[in-house]
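Each chain gets a letter, A, B and so on, in the order its sequence line appears, and its residues count up from 1. Note that the structure is a prediction, hence the values are computed from the model and not measured.
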Amino acid sequence: DGGITQSPKYLFRKEGQNVTLSCEQNLNHDAMYWYRQDPGQGLRLIYYSQIVNDFQKGDIAEGYSVSREKKESFPLTVTSAQKNPTAFYLCASRDRGSGANVLTFGAGSRLTVL
Amino acid sequence: DQQVKQNSPSLSVQEGRISILNCDYTNSMFDYFLWYKKYPAEGPTFLISISSIKDKNEDGRFTVFLNKSAKHLSLHIVPSQPGDSAVYFCAASALSNYQLIWGAGTKLIIKP
């Protein structure tokens, strides 16, 4: 089955530690996205990538980093510079060739900073 | 500055009745609108969309209405079923850049 796999589903981190969230897709989609969801708020864009080896900052990129070395993979690193990292993180992808602006999401990763 | 607003954090509807979820936007450049459904601890799934050249789009029990002059859209679910209990997000974009702007979501609860 085609889809997006995010891991880990739950992650605990001590303050000052960097953590990396994995996102893998087998949909052959060119574009991939990372969003953050906080209670009572809409999804906020962290980073996105339209093609391999290229990515752009979203609205809340500070304290995060990404890489896009392969089409199917778009890992997100939450660095110690992110002041409030506890949140639900969602990875998504889009088929640029379809012309439709419909995203497919993974199941999410919940990060808790202790 | 919230460009997409869902003013009702929650909505409770009797099973079998109509559910109406509302969404307002401020940016007149938005020309494509989507509704997503999200269960707890899962990612959102696409439900239905509408472009600004239409004022209505139907898919089974789901209908989205767009009122461009009022900058308002609504999602109608008829009849409501227990499996419809979820958080519904409204999102908007300008086709020129594909970046989605999301509302805060409305939690729909279907009562038996």
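- Within a 6.0 Å radius of NZ in B/Lys5, no more than 12 heavy atoms belonging to other residues, nucleotides or ligands are found.
- Under the 4.5 Å side-chain heavy-atom criterion for Ile, Leu, Val, Met, Phe, Trp and Tyr, A/Met32 and A/Leu27 are members of distinct hydrophobic clusters.
- Around CD of A/Gln17, the count of heavy atoms belonging to other residues, nucleotides or ligands within 6.0 Å exceeds 12.
- Rounded to the nearest 0.5 Å, atoms CG (B/Leu34) and CG (A/Leu103) are 8.0 Å apart.
- Among B/Gly103, B/Gly105, B/Ala91, B/Pro9, the residue with the largest count of heavy-atom pairs under 4.5 Å with chain A is B/Gly103.
- Residue B/Ile77 is grouped with residue B/Ile50 when hydrophobic side chains (ILVMFWY) are merged at heavy-atom distances under 4.5 angstrom, including chains of intermediate members.
- Taking every heavy atom of both residues into account, B/Phe89 and A/Gln41 meet most closely at CE2-O, 4.2 Å.
- Residues B/Leu73 and B/Leu11 share a hydrophobic cluster, clusters being chains of Ile/Leu/Val/Met/Phe/Trp/Tyr side chains in contact below 4.5 Å.
- Of the atoms belonging to B/Tyr39, not a single heavy atom falls under 4.5 Å from chain A.
- Heavy atoms of B/Lys107 lying under 4.5 Å from chain A are absent altogether.
- Heavy-atom distances place both the backbone and the side chain of A/Leu43 under 4.5 Å from chain B.
- Nearest heavy atoms, B/Pro44 versus A/Leu90: CD-CD1, 3.8 Å.
- Within a 6.0 Å sphere centred on CZ of B/Arg17, other residues, nucleotides and ligands contribute 12 heavy atoms or fewer.
- Neither A/Leu45 nor A/Phe74 shares a network with the other; the hydrophobic side chains, linked directly or stepwise wherever heavy atoms of I, L, V, M, F, W or Y lie under 4.5 Å apart, form separate groups for each.
- Comparing B/Ala104, B/Ser49, B/Cys90, B/Ala41 by heavy-atom pairs within less than 4.5 Å of chain A, the highest count is held by B/Ala104.
- When all heavy atoms are compared, the tightest approach of A/Tyr33 to B/Gln99 is CE2-OE1, 4.1 Å.
- In this structure, chain B has no heavy atom under 4.5 Å from any part of A/Gln6.
- Between A/Phe105 and B/Trp102, the distance separating the two ring centers is shorter than 6.0 angstrom.
- Around the NZ atom of A/Lys9, the shell of radius 6.0 Å holds more than 12 heavy atoms that belong to other residues, nucleotides or ligands.
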